[in-house]
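Read the structure below first, then the notes.
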Amino acid sequence: MDRIVVTGNGPLSGQIPIAGAKNACLTLMPATLLSDEPLTLTNAPRLSDIRTMTTLLQSLGAEVSALNDGRVLALSSHGLDNHTADYDIVRKMRASILVLGPMLAREGHAVVSLPGGCAIGARPVDLHLKALEAMGAELDLREGYVHARAPSGLKGAIVDFPMVSVGATENALMAATLAKGTTVLKNAAREPEIVDLARCLRAMGAAIEGEGTGEITIEGVDRLHGATHPVVIDRIELGTYMLAPAIAGGSVELLGGQMSLIGAFVEKLEEAGVSVSETQAGLRVERKNGRVKAVDVATAPFPGFPTDLQAQMMALLCFADGVSVLEERIFENRFMHAPELMRMGARIDVHGGTAKVTGVETLKGAPVMATDLRASVSLILAGLAAKGETVVNRVYHLDRGYERVEEKLSAVGAKIERVQGDD
Ligand code: UD1
């Protein structure tokens with residue numbers, strides 16, 4: 001199993017290109033199931049989660065080819081010969097549940113394994129199922145699988161989500177494009193990935209209004225056609241690499257970075273004393289002198305501070321002057337990086353969904369490991385400013401969501417390499 005070895009190496013400088021968004025691509029790919037014409041996605045990220053979704057779609061009979069070194073995905077679902085998303089694939093990646101809505105909407109039936117729990121909490125899919133039931137789906141849960149049927153097609157409905165869910169909004173949005181009549185999604189998620197999905201579906205012929213607000217209205221159409229769509233940039237990869245110069249010092253330009261994707265996060269960086277400016281090609285982050293200031297952070301659905309940047313922000317606050325309080329309000333049990341950061345000398349007290357971080361002047365490198373994607377990268381970020389060598393094990397988590405992390409960080413002067421070895 002590969003490891004990443006990072007050695008604190010002083011300030012960073014240069015440019016990092018930001019890839020297409022993993023989470024957007026993972027919901028755009030299943031949109032192919034809605035049409036028998038080809039869907040082409042450009043600016044796709046090259047990640048193992050994308051390969052897992054490719055395998056899942058292929059198992060259903062879709063054709064998926066990665067072109068241009070994986071940057072372009074050509075998808076086609078003109079003939080689906082299997083309607084069961086198998087446990088062996090679904091258990092690897094929760095986003096697999098996103099095939100349910102589109103497959104049911106177009107084919108009238110679908111069987112999808114329940115994803116089960118994961119490292120960052122229970123993460124049920126009840127909201128996905130309730131939305132589809134409201135549109136007339138008949139659901140039956142048997143032997144770990146959802147058996148869904150809509151023999152005479154889905155019908156438009158008012159779906160009022162009791163809490164904001166990105167995945168449930170995406171599943172319902174895709175399903176509603178082919179439902180008969182009007183669907184209104186209330187308390188819908190407003191994440192940029194939802195906006196990107198709506199744009200792609202519109203390019204395929206869907207009638208959608210209100211994406212990016214809490215209420216999305218969809219007028220069902222008889223069929224969707226082919227389209228070519230560029231995947232929006234990855235705001236989480238962007239935020240992660242913005243933290244590299246914030247932690248190690250220096251000045252780095254994030255190519256493709258957009259302030260509108262990441263406003264709440266930028267506010268917190270600036271509050272901590274890190275400077276962020278817009279450039280022709282993206283965003284520049286600079287930290288020149290002294291330690292950052294402590295800041296309090298609470299995660300929230302978009303446009304709030306993203307839960308997917310909480311672990312990385314904690315890595316910064318470990319070095320801050322003062323005490324920061326981080327509140328995790330989206331997922332229970334999402335502080336697994338805290339004990340690993342503490343092995344590097346960080347001072348963190350976790351109580352339920354709150355972590356109190358007392359900044360220290362420096363951390364010391366250590367062997368660490370993480371049980372999820374964002375936690376792994378937070379350890380790499382901490383390692384950029386730690387004394388000595390930090391060895392991050394279980395790199396496969398990282399490969400799910402960050403393409404070529406060691407190349408991107410080496411290019412701005414970090415001392416980081418991937419080594420092969422036993423886990
Ligand atoms: C997506 C992102 C993930 C991000 C999360 C929140 C993808 C592939 N993943 O995950 O990286 O951390 O949004 O921004 O896009 N919930 C329920 N019932 C449901 C669905 C969700 O109770 O049916 C709860 C979850 O347990 C969680 C909250 O709702 O507490 C938000 O989850 P949700 O927005 O659905 O996250 P995902 O779509 O799984």
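In this chain, numbering begins with 1 at the start of the sequence shown. Note that this is a predicted model, so its numbers are computed, not measured. The figures that follow rest on heavy atoms only: side chains count, while hydrogens, waters and symmetry mates do not. Whatever order the structure lists ligands and atoms in, that order sets their numbers, starting from 1.
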Does any N/O atom on [X] come nearer than 3.5 Å to any N/O atom on ligand 1?
{"X": "Ser165", "result": "yes"}
{"X": "Ala95", "result": "no"}
{"X": "Glu191", "result": "no"}
{"X": "Met163", "result": "no"}

Short list, please: which atoms of ligand 1 are under 4.0 Å from a heavy atom of [X]?
{"X": "Asp126", "answer": "17 (C), 18 (N), 19 (C), 22 (O), 23 (O)"}
{"X": "Thr307", "answer": "6 (C), 12 (O), 14 (O)"}
{"X": "Ile330", "answer": "27 (C), 30 (O), 31 (C)"}
{"X": "Arg334", "answer": "12 (O)"}

Would you tell me which option among Gly401, Ala24, Pro115, Pro124 has the nearest heavy-atom contact to atom 20 (C) of ligand 1?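 Answer by nearest heavy atom: Pro124.
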Option whose closest heavy atom lies nearest to atom 38 (O) of ligand 1, chosen from Gly167, Pro301, Ala189: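 It is Gly167 whose heavy atom sits nearest to atom 38 (O) of ligand 1.
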Heavy atom under 4.0 Å from ligand 1: found in Asp308's side chain, backbone, both, or neither?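 For Asp308, only side-chain atoms sit under 4.0 Å from ligand 1.
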Can Arg235 and Glu193 be counted as an ion pair, charged N to O under 4.0 angstrom? yes
For Asp308, is there an ion pair with Lys22 - N to carboxylate O distance below 4.0 angstrom? no
So does Tyr87 have more than 12 non-hydrogen atoms from other groups sitting under 6.0 Å from OH? no
Is the CD atom of Glu270 crowded by more than 12 outside heavy atoms at less than 6.0 Å? yes
Quick check against the 3.5 Å criterion: does Asn68 have a side-chain atom that pairs as donor or acceptor with the backbone of Arg71?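 Pair absent, no side-chain N/O of Asn68 close to backbone of Arg71.
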How long is the span from the CG atom in Leu104 to the CG atom in Asn171, to the nearest 0.5 Å? 9.5 Å
Measure the distances from the heavy atoms of His128 to every atom of ligand 1 and state whether one is below 4.0 angstrom.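 Distance cut 4.0 Å: His128 passes for ligand 1.
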